Amino acid sequence: FQPCYTTITRWIRTFGQIAVDKVAKIKLKAGRRKHWEIDEEYDSRIVETEEENKYVKDGKKKAGTFDIIDPNTKLISLESFDFDLKKKAKSALLRTIYRWETKPRSVWRDGWNGYGRILEDLNIPYGTVIHSKEWKSKKGHHNNNIEREWSEKRTWIKPCRGFATYEGRVFYDKFYEMSRNFFAPRKVLKGLTPAQKAGLKEKVTFLSLMI
């Protein structure tokens with residue numbers, strides 16, 4: 001059977017939040033010997049609206065995603081944001097440190113100035129790569145793993161053709177994070193999911209989360 005996209009979307013909205021809430025309680029242990037990579041990406045799909053709230057700027061609604069990746073386990077941690085990336089990025093790092101039960105030895109980041117203040121506040125060493133000048137810094141800093149993750153995410157997001165609400169975007173990011181961490185085996189991890197690589201013994205299925 002090949003159900004249509006609308007049917008799948010409706011099913012995901014009905015049951016997906018249950019699964020997201022359950023996996024959010026699972027703690028994992030990221031690789032201690034590796035750095036983490038962080039980056040942000042704005043959604044190119046903008047919805048025009050007459051609303052007046054914090055998600056709207058100049059009559060247009062636009063959302064973005066802040067991402068953290070552990071290159072060792074390929075675990076990702078996503079956080080949706082509107083126009084306050086600095087606040088969301090800091091809270092996402094703290095949440096990820098708690099959920100992954102690991103504080104990174106260092107973080108590699110791009111040239112956005114806000115990251116430096118956040119990482120200094122959290123006492124986390126960092127390396128920087130300026131994309132307008134180079135893909136890899138002279139000291140070896142890069143965020144190639146996270147750029148590959150953005151490419152994968154763009155493929156997932158294309159059928160959505162944007163989001164009517166910011167809340168819809170938040171749900172999508174969390175569902176994507178769950179799917180990539182718990183359901184998607186990686187060749188680079190020898191067929192394991194990132195969650196299994198991070199120490200989860202049993203294999204998680206969507207059906208098992210509904211029980």
Side-chain angles (χ1 to χ4, degrees), residues 1-30 40-47 49 51 53-55 61-70 73-82 88-89 91-101 146 148-189 191-211:
F1 295 99
Q2 302 229 340
C4 69
Y5 172 75
T6 304
T7 300
I8 294 175
T9 302
R10 187 163 54 245
W11 183 79
I12 288 174
R13 287 175 179 172
T14 303
F15 299 103
Q17 191 62 53
I18 298 173
V20 168
D21 291 342
K22 285 192 174 182
V23 298
K25 299 176 183 178
I26 300 175
K27 289 187 178 182
L28 302 167
K29 194 173 290 293
E40 79 288 344
E41 183 182 60
Y42 284 89
D43 187 357
S44 61
R45 296 158 183 81
I46 302 173
V47 179
T49 177
E51 295 178 73
N53 59 52
K54 61 182 180 180
Y55 306 133
K61 183 184 295 184
K62 186 175 182 180
T65 303
F66 171 73
D67 191 5
I68 304 167
I69 189 168
D70 170 30
T73 62
K74 305 302 179 185
L75 284 171
I76 61 171
S77 180
L78 301 183
E79 189 78 24
S80 302
F81 65 90
D82 47 0
K88 285 295 183 75
S91 66
L93 278 162
L94 289 170
R95 179 178 68 91
T96 304
I97 290 170
Y98 172 76
R99 284 188 61 193
W100 292 358
E101 298 187 323
I146 213 164
R148 283 193 289 270
E149 194 63 43
W150 288 138
S151 179
E152 182 70 26
K153 191 168 182 287
R154 291 187 198 105
T155 302
W156 277 54
I157 207 173
K158 189 175 181 179
C160 298
R161 298 183 180 180
F163 299 92
T165 65
Y166 177 71
E167 289 71 22
R169 175 57 182 262
V170 173
F171 171 77
Y172 175 88
D173 278 344
K174 290 304 175 187
F175 192 85
Y176 177 84
E177 175 190 304
M178 174 190 68
S179 301
R180 295 288 285 171
N181 283 343
F182 290 90
F183 303 149
R186 310 289 180 88
K187 289 183 179 179
V188 70
L189 300 180
L192 298 177
T193 65
Q196 289 174 311
K197 177 68 174 178
L200 192 68
K201 294 182 180 180
E202 68 274 16
K203 183 178 181 180
V204 176
T205 66
F206 200 93
L207 183 60
S208 69
L209 295 171
M210 297 297 103
I211 299 174

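Below, all heavy atoms of this structure are taken into account, side chains as well, without hydrogens, waters or symmetry copies. As the structure is a computational prediction, the values presented were derived from the model and not from experiment. If you read the sequence from its start, that first residue is 1, and numbering goes on from there.
Nearest heavy-atom pair across Pro185 and Gly191 is CB-O, 3.3 Å. When all heavy atoms of Val23 and Leu209 are compared, the pair lying nearest together is CG1-CD1, 3.7 Å. The heavy-atom pair separating Gly16 from Phe206 by the smallest distance is CA-CZ, 4.0 Å. Thr205 and Phe183 make their closest contact through C-CE2, 3.8 Å (heavy atoms, listed as atom of the first residue, atom of the second, distance). Residues Leu28 and Ala195 approach most closely at CD2-O, 4.0 Å, considering heavy atoms. Of all heavy-atom pairs between Val20 and Met178, the closest is N-SD, 3.7 Å.
For the atom pair CG (Leu200) and NZ (Lys27), the distance works out to 14.5 Å, reported to the nearest 0.5 Å. Annotation: the span from Ile69 atom CD1 to Thr96 atom OG1 amounts to 12.0 Å, rounded to 0.5 Å. Here the straight-line distance linking atom CD of Gln196 with atom CZ of Phe182 works out to 10.5 Å at 0.5 Å rounding.
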Next item on the list: Using the salt bridge (Lys or Arg N to Asp or Glu O under 4.0 Å) rule, take Lys153 and Asp173 through it: C-alpha gap first, then chi angles, then the decisive distance, then the call.
Entry: CA-CA 9 Å; Lys153 191 168 182 287; Asp173 278 344; 3.0 Å; yes
Next item on the list: Start with the C-alpha distance between Arg99 and Glu177, add both sets of side-chain angles, then the distance that settles salt bridge (Lys or Arg N to Asp or Glu O under 4.0 Å), and finish with yes or no.
Entry: CA-CA 13 Å; Arg99 284 188 61 193; Glu177 175 190 304; 3.1 Å; yes
Next item on the list: Apply salt bridge (Lys or Arg N to Asp or Glu O under 4.0 Å) to the pair Arg154 and Glu41, showing each step before the final yes or no.
Entry: CA-CA 10 Å; Arg154 291 187 198 105; Glu41 183 182 60; 2.6 Å; yes
Checklist line | Stepwise side-chain hydrogen bond (donor to acceptor under 3.5 Å, both in side chains) test for Thr193 and Arg186 | finding: CA-CA 6 Å; Thr193 65; Arg186 310 289 180 88; over 6 Å; no
Notebook entry, point to check: Stepwise, does the side chain to side chain contact (heavy atoms under 4.5 Å, CB included) test hold for Ile18 with Lys22?
Noted result: CA-CA 6 Å; Ile18 298 173; Lys22 285 192 174 182; 4.3 Å; yes
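Residues Trp100 and Lys29 have side chains not in contact (no heavy-atom distance under 4.5 Å, counting atoms from C-beta outward). Proximity of Thr65 to Tyr176: side-chain heavy atoms (C-beta onward) are nowhere separated by under 4.5 Å. Put simply, the side chain of Ile76 does not reach to within 4.5 Å of the side chain of Ile68, judged on heavy atoms. Side-chain contact between Arg95 and Ser77 is present, with at least one heavy-atom pair separated by less than 4.5 Å. Considering only heavy atoms from C-beta on, Arg180 comes within 4.5 Å of Glu152 through its side chain.
At distances below 3.5 Å, at least one donor-acceptor pair connects side-chain atoms of Ser179 with backbone N or O atoms of Phe175. Using modelled atom types, no side-chain atom of Asp67 and backbone atom of Ile146 make a donor-acceptor pair closer than 3.5 Å. No donor-acceptor pair closer than 3.5 Å links the side chain of Lys197 to the backbone N or O of Ala30. Listed for the Arg169 side chain is no donor-acceptor partner under 3.5 Å among the backbone atoms of Phe81.
In this structure Ser91 satisfies the side-chain contact (heavy atoms from CB on, under 4.5 Å) test together with Lys88, sequence neighbours excluded. Here Tyr98 pairs with nothing under the ring pair (Phe, Tyr, Trp, His ring centres under 6.0 Å) rule; sequence neighbours left out.
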